[in-house]
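As the structure lists them, so they are numbered: ligands from 1, and atoms in each ligand from 1.
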Amino acid sequence: MSTVRLTTAQALVRFLANQWTERDGERRRLVNGTFGIFGHGNVAGLGQALLQAARTGEADMPYLLARNEQAMVHAAAAYAKSADRLSTYACTASIGPGSTNMVTGAALATINRLPVLLLPSDIFASRAPDPVLQQLEDTRAGDVSVNDAFRPVSKYFDRVWRPEQLIPSALAAMRVLTDPVETGAVTLCLPQDVQAEAHDWPVEFFRERVWTVRRPGPDAAELEAALAVLRSAQRPLIVAGGGVVYSRATEELRAFAAAHGVPVAETHAGRGSVQWDHPQAVGALGSTGSRAANLLAAEADVVLGIGTRYSDFTTASHTVFGDARFVNLNVAALDAAKHSAAMLVADARAGIAALGRGLGEWRADEAWTARASVLAAEWQGVIDRAKDLGHAPLPAQTEVLGALNDAMGERDVVINAAGSMPGDLQMMWRSRDPKQYHVEYGYSCMGYEIAAGLGCKLADPDRDVYVLVGDGSYLMLASEIPTLVSEGLKVVVVIVQNHGFASIGALSESLGSQRFGTKYRYRDEQSGLLDGDVLPVDLAANAASLGANVLTASTVAEFKAALATAKAATRTTVVHVETDLHSPGLPQSAWWDVPVSEVSELDSTRAAFDAYTDSRRAQRHYL
Ligand SMILES: Cc1ncc(C[n+]2csc(CCOP(=O)(O)OP(=O)(O)O)c2C)c(N)n1
Ligand SMILES: [Mg+2]
């Protein structure tokens, strides 16, 4: 057996450079590059290995210097989302805080089922200098470190205590990253001494490996049972989730919906599965759904869920569906089994094809299909009105989002994650391309947005990327603007300034908590609350100080003009627009379960509790 002498870190870099994925004849690098921030935990181990790779060309592993470890994991997750999970980035962080900063990113990736490879550095395997700077000391166990916090949020976790242990560990990591069911954050902890330690590695470890991203077909018995339920349906509704997009099943879904006259409602991750003006498109479903989709969900007799995990926003906390039976086509049994469904465990594309063949000429009731079209058209009228309110003196958020939607090209991408915008976007966005609507709503993590712009742009350099970020999110994590600037990547960042939390403020008010603590204001001396004057915070100046071009707009007309300038720009450009914190949103037609205090001294809370108790009566198990 021929061997090569390398450090553990050098071996890992060389190994990663030789991993590929393949699906439908498309071959991609599994780990396209590495984001990192160096500290004493990784500068001399992985840092040296990455430098050697760059200097000698012995391994193709581009290195990108991020500014915040959480943000770099978001960038990797966004890259993977854009790449339909066929490719991702690795993230190296120093031990201690550098590593634990990645835990939030790991949770986001795992919950959204997006592959990211995390390489937190770890305490000395030798234990010689214990406690090393930033080491957690545990009186009960010697093998615990802060990195154990990654365990519940990782789909695979290992700590490489000895160099040769990397071989099984790295192979297992690749298997999990490329498995459409298992995928999520994969964490290999690398003790700082082991990273730098040499070993004689079998050359075979570094050969090119191709991991097939499989498309499992349906089981014959499950398919028969699913078809029987569907054939009995008169009022069927499709719920399209992220699995449709990741599986690239959108063409098949469009054809299936048209052939069988089945309306299609979409989740956040499934938005764009059918283009907005497809004859069967009825918009978004659930708490922030269209009235069309929510009415149809209440009346449907069979729901065909495809690639959805049925989050509470989709089901309106288990209130949106009526007496429907469910058929769930999903690559993961976990999701296929939800709502006591007839399970169809399969790849979305393979499953839709099999269902289409089995259904033959079957069609939904003509009246049902027609009613769906009427409701969908009515909802488009609601959107048109929300886009053009003439709200003054500050524009309404829906006007800003509408202007952005109109200004964007067919293939451009819009990114968002948290605050009031995901709800408005989900209700009103007109998607033309399956990759256009990039809203992270599995973890809804403030701070994802700008970092995700970086990941998206790396994945799809030929698409224009528009990041929508609230002032709250911006204040949490604008750190990757300088990274975009240094890498020469152009993203348009739209900062929507409303001096606080439009989202949680409105929620607070509806739950009787009077918008307490949701405004960015001076503390008022008399009330003792944060409801004084607006703060002298200038996010436009802040963005300029980070190296971006900055444009400001205070009316919708100015915003449109700024977008046109930003579109033509060749470098990262921020458009700062102020909107009315209290501006009207779109009409809500479904509930969201947020419990209200059962006892209270406040009238507002008591009234909200009564309303909450009423709403909860509609909540059900789907048995
Ligand atoms: C990291 C993180 N912390 C807290 C929350 C809870 N949260 C959801 S929306 C929101 C406020 C967002 O404010 P902003 O970005 O200004 O958006 P707006 O609501 O004003 O549209 C908060 C605190 C979250 N989703 N993520
Ligand atoms: Mg805000």
Subject >> Donor-acceptor pair, side chain of Tyr443 and main chain of Tyr448, under 3.5 angstrom >> reply: no
Original post:
Is it true that Phe313 and His268 have ring centroids separated by less than 6.0 Å?
Top reply: no
Original post:
Quick one: which of Pro422, Gly500, Ala506, Ser503 has a heavy atom closest to atom 20 (O) of ligand 1?
Top reply: Gly500
Subject >> Donor-acceptor contact below 3.5 Å, side chain Glu266 vs main chain Ser273 >> reply: yes
Original post:
Quick check: does Met476 get an N/O under 3.5 Å from an N/O on ligand 1?
Top reply: no
Subject >> Close N or O approach (Gly472, ligand 1; < 3.5 Å) >> reply: yes
Original post:
Is there a donor-acceptor pair under 3.5 Å between the side chain of Ser508 and the backbone N or O of Arg515?
Top reply: yes
Subject >> Taking atom 13 (O) of ligand 1 as the reference point, the nearest protein heavy atom with its distance >> reply: Phe501 CD2, 3.3 Å
Original post:
Do side-chain atoms of Trp429 reach the backbone of Gly272 as a donor and acceptor pair under 3.5 angstrom?
Top reply: no
Subject >> Positive for side-chain hydrogen bond (donor to acceptor under 3.5 Å, both in side chains) with Lys435, one of Asp84, Asp460, Asp412 >> reply: Asp84
Original post:
Does the side chain of Phe150 reach to within under 4.5 Å of the side chain of Pro120, using non-hydrogen atoms?
Top reply: yes
Subject >> Proximity winner for atom 15 (O) of ligand 1, if only heavy atoms of Gly419, Ser473, Ala502 are counted >> reply: Ser473
**OP:** Starting from atom 21 (O) of ligand 1, find the nearest protein heavy-atom neighbour and note its residue, name and distance.
**Re:** Ser420 OG, 2.6 Å
Original post:
In terms of ring plane angle, is the pair His339 and His318 parallel, tilted or perpendicular, where the classes change at 30° and 60°?
Top reply: perpendicular
Original post:
Would you say Ser444 touches ligand 1, if touching means a heavy atom closer than 4.0 Å?
Top reply: yes
**OP:** Examine all N, O or S atoms of Ser503, backbone included, and report whether one is under 2.8 Å from the Mg ion (ligand 2).
**Re:** no
Subject >> Shortest protein heavy-atom distance from atom 6 (C) of ligand 1, along with the residue and atom involved >> reply: Met446 SD, 4.3 Å
Subject >> the Mg ion (ligand 2) reached by Gly500 (N, O or S, under 2.8 Å) >> reply: yes
Subject >> Which segment of Asp471 sits under 4.0 Å of ligand 1 when only heavy atoms are counted >> reply: both
Subject >> Minimum-distance N/O/S atom that Asp471 presents toward the Mg ion (ligand 2) >> reply: OD1
